[in-house]
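Here is the structure we will look at, set down as structure tokens.
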Amino acid sequence: MSGLADDLDPIAERIRQDFSAQDSAREKVIPSCREVIRNSSQAIRAVHRQEYDKAAELLASARDLLDEADRAIASHDELRITGIIRDAQKEFAEGSVLLALVTEKRIPSPDDLRIDQAAYLNGLGEAVGELRRYLLDGMRRGDLSRGEEILQTMDDIYSVLVTMDFPDAITGGLRRTTDMVRGVLERTRSDLTLALQQKELEKRLEQFEGRGD
């Protein structure tokens with residue numbers, strides 16, 4: 001047995017050293033990832049307030065923080081798909097996609113954002129919920145000018161997500177996000193249809209009253 005212990009001791013020590021290095025790297029990235037999430041959330045709020053330059057600055061800061069996290073785990077590829085990293089990337093993707101769509105810019109790709117593809121797709125799905133909020137804010141102001149365009153964008157995103165029929169272990173739980181997007185899309189289509197019908201009715205009433213004068 002002593003011979004086995006002699007063999008196991010150096011193996012166990014190497015494993016302990018590797019785990020210790022991974023744990024140290026993980027502890028370093030947690031604060032950065034939390035700041036990425038905070039900055040991305042603030043950027044989304046800025047988009048809804050139509051403060052687009054501020055949103056872009058916050059997202060640039062988030063990207064810098066992700067770069068810091070990437071450097072911290074450069075020697076630990078196994079940490080790249082951990083929850084904290086993917087959550088941060090997902091929030092960054094959500095904010096970046098939302099800003100691009102609202103300002104009518106080209107939608108960024110995962111390569112543009114330099115993030116994991118699963119995190120990107122989940123962020124893309126989450127952006128649909130924010131597009132609904134943006135559309136509803138416009139409806140409350142009586143502005144339906146981009147309603148159908150935004151609804152079509154939401155539909156296009158859903159059409160992509162629903163084709164990603166792979167295990168959750170690969171997609172990071174994308175099936176749940178896709179189900180959420182479908183529900184958001186159905187409610188938004190119903191809300192917009194009702195609003196457009198109401199606007200058309202108001203227009204006809206105005207025309208009728210105008211003829212009466």
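We number each residue from 1, following the sequence as shown.
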Checklist entry - So, for Ala93 and Ile115, which heavy atoms are closest and what is the spacing to 0.1 Å? => result CB-CD1, 3.6 Å

Checklist entry - About how many Å separate CG of Leu151 and CD of Glu149, when rounded to the nearest 0.5 Å? => result 10.5 Å

Next on the checklist: Hydrophobic cluster membership, with links at side-chain heavy-atom distances under 4.5 Å among I/L/V/M/F/W/Y: are Leu194 and Leu131 in one?
Outcome noted: no

Checklist entry - From Gln89 CD over to Asn122 CG, what is the distance, rounded to the nearest 0.5 angstrom? => result 11.0 Å

Item to check | Gln152 side, atom CD; Asp155 side, atom CG - distance, nearest 0.5 Å | outcome: 5.5 Å

Next on the checklist: For Arg176, I'd like to know if atom CZ has over 12 heavy atoms of other residues, nucleotides or ligands within 6.0 Å.
Outcome noted: no

Item to check | Derivation and outcome, salt bridge (charged side-chain N to carboxylate O under 4.0 Å, His left out), residues Glu130 and Arg133 | outcome: CA-CA 5 Å; Glu130 296 300 331; Arg133 178 182 166 190; 3.7 Å; yes

Checklist entry - Do Glu68 and Lys28 have side chains that get closer than 4.5 Å, going by heavy atoms? => result no

Checklist entry - When clusters are formed by joining ILVMFWY residues with side-chain heavy atoms under 4.5 Å apart, either directly or through shared neighbours, do Phe166 and Val160 land in the same one? => result yes

Next on the checklist: With heavy-atom distances below 4.5 Å as the criterion, would you say the side chains of Glu91 and Asp87 are in contact?
Outcome noted: no

Checklist entry - Quick one: do Leu113 and Leu124 end up in the same hydrophobic cluster if we chain Ile, Leu, Val, Met, Phe, Trp and Tyr together by side-chain heavy atoms under 4.5 Å apart? => result yes

Item to check | Residue Glu148 excluded, over 12 heavy atoms near CD under 6.0 Å | outcome: no

Checklist outcome for this item: Only residue of Val128, Ile157, Ile150 satisfying side chain to side chain contact (heavy atoms under 4.5 Å, CB included) with Leu101 is Ile157

Checklist entry - Does Asp112 reach the main-chain N or O of Ser109 with its side chain, forming a donor-acceptor pair under 3.5 Å? => result yes

Checklist entry - Can you check whether Leu121 reaches Thr177 side chain to side chain, under 4.5 Å on heavy atoms? => result no

Checklist entry - Could you give the distance from OG (Ser20) to CZ (Arg16), rounded to the nearest 0.5 Å? => result 10.5 Å

Next on the checklist: Tell me the closest heavy-atom pair linking Gly147 and Leu135, and the distance in Å.
Outcome noted: O-CD1, 3.4 Å

Item to check | Beyond-backbone contact of Ser190 with Thr193, side-chain heavy atoms, under 4.5 angstrom | outcome: no

Item to check | Sequence-distant partners of Arg182, side-chain hydrogen bond (donor to acceptor under 3.5 Å, both in side chains), two or more places apart | outcome: Asp179

Item to check | Main-chain N/O of Arg114 paired to Arg63 side chain as donor or acceptor, under 3.5 Å | outcome: yes

Checklist entry - Where the side chain of Arg146 meets the backbone of Val102, is there a donor-acceptor pair that is under 3.5 Å apart? => result yes

Checklist entry - Heavy-atom count around Arg34 CZ within 6.0 Å, excluding the residue itself: above 12? => result no

Checklist entry - Hey, any chance Val47 and Leu58 share a hydrophobic cluster, counting ILVMFWY side chains that come within less than 4.5 Å of each other, even indirectly? => result no

Next on the checklist: Does Gln117 have more than 12 heavy atoms from other residues, nucleotides or ligands lying within 6.0 Å of its CD?
Outcome noted: no

Next on the checklist: Is there a path of hydrophobic side-chain contacts, each under 4.5 Å between heavy atoms, that joins Val162 and Tyr120?
Outcome noted: yes

Checklist entry - Do Asp143 and Ser145 meet the criterion of a side-chain donor-acceptor pair at a distance under 3.5 Å? => result yes

Checklist entry - Just wondering, do Met164 and Thr178 contact through their side chains at under 4.5 Å, heavy atoms? => result no

Checklist outcome for this item: Rounding to 0.5 Å, atoms CD (Glu94) and CG (Leu59) come to a distance of 10.5 Å

Checklist entry - Got Arg45 and His48 here, is their nearest side-chain heavy-atom distance under 4.5 Å? => result no

Item to check | Rounded distance [0.5 Å steps], CD in Glu51 versus CG in Leu99 | outcome: 12.0 Å

Item to check | Short side-chain to backbone donor-acceptor contact, Ser40 and Val36, under 3.5 Å | outcome: yes

Checklist entry - Does any donor atom in the side chain of Asp191 or Thr188 lie under 3.5 Å from an acceptor atom in the other side chain? => result no

